[in-house]
Amino acid sequence: QGRMGRQTLLAEHAGNLTARSNQISNAYRAGLVPRKNAVAVMSSDGVVSLSSRDLGPAHANIFIQYLEQLCVAARMHASTKKPDPDTRARESPTPRSCSSSSTAQPNASPKLAYTALRAIILNDNRLNDDTGSRIVAALQNFGTLEKLDMSNNYLGTSTAMAIGNLSRAGDNLHCLALPGSLPRTLATSTLMGCLSSSCIRQLDLSHNRIGHYPTIKAISDIITHSTVLTVLELGWNNFGPSGGLAVCHAVLENKSLEKL
C-alpha cells in the first residue's frame, strides 16, 4: 500500500521489538527462545541471513533491536549455566543411583533449546557507513559470532573501525566477507590497520578497486605476519604490477595461507 502502509507496519512492530519492552515473553526473558520479527529470524544453526533485503534506516533500527534481544537472551542463558556456589554447598554430597537419576520428574517443565548467534549475512542491502557501523557495534556483545558477510554495500571508515573493534572483542570471528563494500581507499586502509592482530582466517576484499599502494602494502603486511589466515580473496582490484609484486612477496613469507 505504498510508503504509508510500510510505515504503519514498522510502527506496529517497533513497539513490540524493543529490548526493554514489557511485552517480551517469559520464555524469551529466560534466554531460551530467540525471537523473530518482521526483519530477521535466526535459523536453528545460529545464522541470521538478510540477503538482498534492502534494509533502510527504519528496518535497520528494528534489526538492531532484534540483535539487542538476542544479546539479552545470550546473557540470560549464560547466567543459567552457572550454578550458585551457595546452592551447590547446600546440596547433599550423597551420589544418586542410576535408577533414580533416570526417572523423569512428573512436574518438570520441558527444557527449551537455546541457539547461539554464529553468522550474520547482510549482503546486497545498500547499507551506508552509518547504518553498517551501528549494526557491527551491536554485534560486539556476541562472543559466539564466527562469520560476518557485508558484501556489496556502501561502507566506509566508521564501519571499518567497528569491524576492527569486533575482531578484537573476541577470537571467534574467523570469516569476514567485504567484497564490493569498501571502495574508498581510506576505509580499506583503516580496516587493515584494525585487523593487524585479529584471528580472521577467511578474508574477502575482492571487487573493491584497491589501487593505493600504501593500502596494498598494509594488506601485504597482514599476509606476511598472519599465522591464522588461510583464505584471502583479492580479485578485481587495481593493484597493478608493483602492488601485485608486493602481495607475491608477502605470500612467500606466509606459512598459513592455503588459497589466494
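Position 1 is the first residue of the sequence; numbering continues from there.
With sequence neighbours left out, Lys259 forms a side-chain contact (heavy atoms from CB on, under 4.5 Å) with Val231, Glu233. Every residue was checked against the ring pair (Phe, Tyr, Trp, His ring centres under 6.0 Å) condition with His174, not counting sequence neighbours, and none meets it. The side-chain contact (heavy atoms from CB on, under 4.5 Å) search around Asn152 returns Asp124, not counting sequence neighbours. Qualifying side chain to side chain donor-acceptor pair (under 3.5 Å) partners for Thr230, counting only residues two or more places apart in sequence or in other chains: none.
Across all their heavy atoms, Ala60 and Thr131 have their closest contact at CB-CG2, 3.3 Å. Minimum heavy-atom separation, Met42 to Tyr66: N-OH, 3.1 Å. Summarising the geometry of Ala160 relative to Ala187, their closest heavy-atom pair is CB-O, 3.5 Å, with the distance given to 0.1 Å. Across all non-hydrogen atoms, the minimal contact from Ser167 to Cys194 is OG-O, 4.1 Å.
Atom-to-atom distance recorded for Ile216:CD1 and Leu245:CG is 11.0 Å, nearest 0.5 angstrom. Here Ser226 contributes atom OG and Leu257 contributes atom CG; the two are 8.5 Å apart, rounded to the nearest 0.5 Å. Atom CD1 in Ile210 sits 7.0 Å away from atom CG in Leu234 (nearest 0.5 Å). The CE atom of Met161 lies 11.5 Å from the CG atom of Leu191; values are rounded to the nearest 0.5 Å. Atom OG1 of Thr215 is separated from atom CG of Leu186 by 8.0 Å, given to the nearest 0.5 angstrom. Atom-to-atom distance recorded for Lys217:NZ and Ser189:OG is 12.5 Å, nearest 0.5 angstrom.
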Would you list the atom pairs, donor with acceptor, under 3.5 Å between side chains in residues 137-144 and any protein atom, with sequence neighbours excluded?
unit_1	atom_1	unit_2	atom_2	d
Thr144	OG1	Leu117	O	2.5

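A donor-acceptor pair under 3.5 Å is formed between the side chain of Asn125 and the backbone N or O of Asn123. Ser181 places a side-chain N or O within donor-acceptor distance of the main-chain N or O of Met150, the cut-off being under 3.5 Å. For Asn237 (side chain) and Leu205 (main-chain N/O), a donor-acceptor pair under 3.5 Å exists by modelled atom type. A donor-acceptor pair under 3.5 Å is absent between the side-chain atoms of Thr190 and the main chain of Thr157, judged by distance alone. With Asp171 contributing its side chain and Cys199 its backbone, the two residues share no donor-acceptor pair below 3.5 Å. Using modelled atom types, one side-chain atom of Asp129 and one backbone atom of Ser158 make a donor-acceptor pair closer than 3.5 Å. Looking only at distances, a side-chain donor or acceptor of Thr159 sits under 3.5 Å from a matching main-chain atom of Ser133. One N or O on the side chain of Asn254 and one on the backbone of Ile223 form a donor-acceptor pair closer than 3.5 Å. The backbone N or O of Ser151 sits less than 3.5 Å from a side-chain atom of Asn153, completing a donor-acceptor pair.
In this structure, Leu232 is a member of the same hydrophobic cluster as Val251, with clusters built from ILVMFWY side-chain heavy atoms closer than 4.5 Å. Under the 4.5 Å side-chain contact rule for hydrophobic residues, Met192 and Leu260 share a cluster.
Remark: the Ser256 side chain and the Thr227 side chain contain no N/O donor-acceptor pair separated by less than 3.5 Å. Counting only N and O atoms by type, the side chains of Asn61 and Arg134 include a donor and acceptor under 3.5 Å apart.
Side-chain contact check for His59 versus Ile62: every heavy-atom pair is 4.5 Å or farther apart. Ile222 has its side chain out of reach of Ile200: every pair of non-hydrogen atoms, C-beta onward, lies at least 4.5 Å apart. Contact check for Leu67 versus Val48: no side-chain heavy atoms found under the 4.5 Å cut-off.
Annotation: ring-ring contact (aromatic ring centres under 6.0 Å, His included) contacts involving residues 208-241, sequence neighbours excluded, comprise His207-Trp236.
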Quick one, Val72 with Gln69, criterion side chain to side chain contact (heavy atoms under 4.5 Å, CB included). Give me CA distance, side-chain angles, the key distance, then yes/no. CA-CA 5 Å; Val72 173; Gln69 291 181 346; 5.7 Å; no
Checking Ile64 against Ile135 for the side chain to side chain contact (heavy atoms under 4.5 Å, CB included) test, could you report, in this order, the C-alpha distance in whole Å, the side-chain angles of both residues, the deciding distance, and whether it holds? CA-CA 6 Å; Ile64 291 173; Ile135 291 176; 4.0 Å; yes
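Residue Lys147 forms a side chain to side chain contact (heavy atoms under 4.5 Å, CB included) with just one option from Leu176, Val47, Leu173, Ile121, and that option is Ile121.
Within a 6.0 Å radius of CZ in Arg201, no more than 12 heavy atoms belonging to other residues, nucleotides or ligands are found.
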